[in-house]
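A quick write-up on the structure given underneath.
Below, all heavy atoms of this structure are taken into account, side chains as well, without hydrogens, waters or symmetry copies. Labels below follow one simple rule: chain letters A, B, ... track the order of the sequence lines, proteins then strands, and each chain is numbered from 1.
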Amino acid sequence: MEMLHYDFMQRAFLAGALIALVASALGVYLMLRRQALMADMLSHVSLAGIAAGAYLHWNPTLTGFAVAIAGAVAVEYVRRSYKTYSEISVAIIMVGGLSSAVIIMSLNQSVNKSFSSYLFGSVVAVNRTELMLMLAVSVLAALFFVLMRRPLYQMTFDEDTAKTSGLPVHWLSLAFSVVTGMIVAAAMPIVGVLLVSSLVVLPAALAIRLASSFAASIALSMTFGLGGVWSGLAASYEFSTPPGATIALILLVILLIGIGAKKAALQAAKRRSRRGHSGADAGGEAEAARFSSAVRVAEKGETRG
Amino acid sequence: MELVAMDDVVFGFDDVPSLEDVSLEIRSGEFVAVTGPNGASKTTLLRLMLGLLKPWKGKVSLAPRGTSGRKLTIGYVPQQIAAFNTGFPSSILEFVRSGRYSKGSWLRRLNAHDHAMTEQALKQVGMWHLRHRKIGELSGGQKQRICIARALAMEPDLLVLDEPTTGMDQDSRFGFYELMKAQTEQYGRTVVMVTHGLSEVSPYLDRIIELERKEDGKWRCCTTTSCRGHFSPAH
């Protein structure tokens with residue numbers, strides 16, 4: 001634990017934990033809404049904002065933040081014209097963001113160098129402003145996910161039925177996109193483009209396969225995310241490897257091990273059931289698997305009599 | 001009480017209207033089937049009714065309140081809703097319970113009544129014994145059932161079902177018709193259902209709304225046939 005004596009490592013562990021928790025919870029929703037690549041796209045779009053900020057001599061972190069939110073809102077509107085192909089909207093906005101980022105960067109050769117830190121992140125060089133921004137965004141995102149968990153569940157499953165059951169799906173979806181933009185923009189200068197998308201996609205991808213319920217999938221995703229980030233940071237300190245890439249690689253390994261373990265468990269269960277009982281309670285199940293309008297009728301009779 | 005009214009509605013997806021002259025009304029407590037051949041815009045009619053699509057012309061109105069005087073609750077089961085989102089990581093119980101979320105605030109604690117309604121709905125579709133399974137593991141017919149259960153758990157004033165019996169065997173279909181009829185009779189709920197199996201379901205129905213083709217190829221609504229002479233809806 002000697003590494004925790006260093007100020008910069010403490011900050012890295014704290015910032016990493018915040019990002020890991022919000023990004024991996026966000027990932028579950030994004031994945032189920034067919035927008036897994038949204039984080040990747042938004043981080044590229046926010047790069048355009050950072051470039052513009054540097055060119056105009058404004059604070060690049062803040063311009064990146066604003067542009068990412070604008071990008072998220074744009075996706076929301078493009079998505080509505082490609083209802084069944086959510087991923088198309090991501091691709092469309094990504095083209096716009098990345099191409100303008102490259103053009104703006106070419107206008108100002110001198111700032112070009114610092115962009116590599118945005119691509120690959122500098123979690124061990126996180127400064128106080130970035131940490132504070134991340135903290136504020138995490139609190140906001142946590143509030144959103146906790147307070148809106150029921151409407152989000154309904155909307156994520158199916159937007160039409162959510163609408164007919166009276167939810168303001170339009171606003172909820174827009175708010176969700178804005179929160180996504182904020183998380184990505186706050187996380188990007190700290191962990192970089194690569195790590196933002198791996199933190200959003202990888203833990204959620206595994207959690208969705210393993211979890212038996214929705215609540216469990218979010219909890220699992222956050223656990224994998226946090227575990228991956230902390231062990232990645234420790235490994236990167238130990239072996240002097242770049243932290244962002246180390247974390248991403250560890251998350252990928254966790255995913256592969258998880259999927260492998262799930263497959264092995266399924267195989268074992270199959271073998272057991274082949275040897276063991278053979279449809280003893282199948283009759284009972286078939287009996288239970290009937291429509292019955294009688295449940296309520298019987299109850300009514302009881303209460304009346 | 002009139003729950004749904006459509007008045008001279010015109011709608012189309014591109015520049016030509018596909019539905020014209022749609023005028024109908026549905027009163028509370030009715031069990032209504034919407035029928036017509038493939039491509040007759042039955043689903044479109046339902047979506048217009050629910051306000052998911054905006055008509056080009058004409059007026060669609062949904063009663064703001066149900067018979068109980070509370071805000072109108074709609075349980076909608078789209079066609080093949082279960083076919084997509086197969087990897088959705090949710091237990092059946094959690095999914096059907098989400099039908100209760102629309103009652104009251106988003107944050108309130110679920111009470112005994114919520115759990116009772118969830119249990120009842122799952123038992124009514126015969127899925128209670130599978131409640132801890134993941135929804136992704138179910139067959140198409142079973143997914144259809146839990147979607148119906150979620151709609152029932154809402155205690156809806158209006159149940160709108162788009163070909164709910166697709167993929168069900170004969171016993172299940174008749175069980176389902178019984179269940180829907182019981183919903184209208186015991187609770188005064190209104191059921192609107194798109195179906196192709198009219199011959200089977202007609203003994204249970206109050207009314208049939210049929211989409212038919214005009215001479216110029218467009219679809220129009222509606223011939224309504226009353227199915228049971230003794231039925232006279234309360235106005």
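For a residue to count as touching a neighbouring chain, one of its non-hydrogen atoms must lie under 4.5 Å from one of that chain's; by this rule B/L110 touches chain A with backbone and side chain alike. Using a 4.5 Å cut-off between heavy atoms, A/M148 contacts chain B through its side chain alone, with no backbone atom that close. Proximity to chain B (any heavy atom under 4.5 Å) is shown, for A/A162, by neither the backbone nor the side chain. The contact between A/S217 and chain B is made entirely by side chain atoms (from C-beta outward), counting heavy-atom distances below 4.5 Å. Using a 4.5 Å cut-off between heavy atoms, B/S98 contacts chain A through both its backbone and its side chain.
Atoms CG and CZ, from A/D158 and B/F88 in turn, are 9.5 Å apart once rounded to the nearest 0.5 Å. With rounding to the nearest 0.5 angstrom, the OG atom of A/S213 is 4.5 Å from the CD atom of B/E94.
A/T161 has its side chain within reach of B/P78: a pair of non-hydrogen atoms, C-beta onward, lies under 4.5 Å apart. Taking the side chain as every heavy atom from C-beta outward, B/Y101 and A/R149 never approach each other to under 4.5 Å. Side-chain contact between A/F291 and B/M168 is present, with heavy atoms from C-beta onward closer than 4.5 Å. Inter-residue side-chain proximity for B/L50 and A/K163 is flagged as unmet; no heavy-atom pair is nearer than 4.5 Å. Side-chain contact between B/R97 and A/R150 is absent, with no heavy atoms from C-beta onward closer than 4.5 Å. By the 4.5 Å heavy-atom criterion applied to side chains, A/S165 and B/M154 are counted as neighbours. Side-chain contact between B/I135 and A/F214 is absent, with no heavy atoms from C-beta onward closer than 4.5 Å. Residues B/L52 and A/T164 are in side-chain contact: their nearest non-hydrogen atoms beyond the backbone lie under 4.5 Å apart.
With hydrogens and angles ignored, the 3.5 Å screen pairs no side-chain donor or acceptor of A/R209 with any backbone N or O of B/P89. Judged by distance alone, with hydrogens and angles left aside, the side-chain atoms of B/K71 form no donor-acceptor pair with the main-chain N or O of A/G166 at under 3.5 Å.
Heavy atoms of other residues, nucleotides or ligands lying less than 6.0 angstrom from NZ of A/K262 number more than 12. No more than 12 heavy atoms of other residues, nucleotides or ligands lie within 6.0 Å of CZ in B/R70, so this atom counts as exposed by the packing criterion.
Here the closest heavy-atom approach between residue A/I208 and residue B/K134 is recorded as O-NZ, 3.1 Å.
Heavy-atom pairs under 4.5 Å with chain B peak, among A/I218, A/L147, A/V28, at A/L147.
The aromatic rings of A/Y153 and B/F95 lie tilted to each other, with the angle between the two planes from 30° to 60°.
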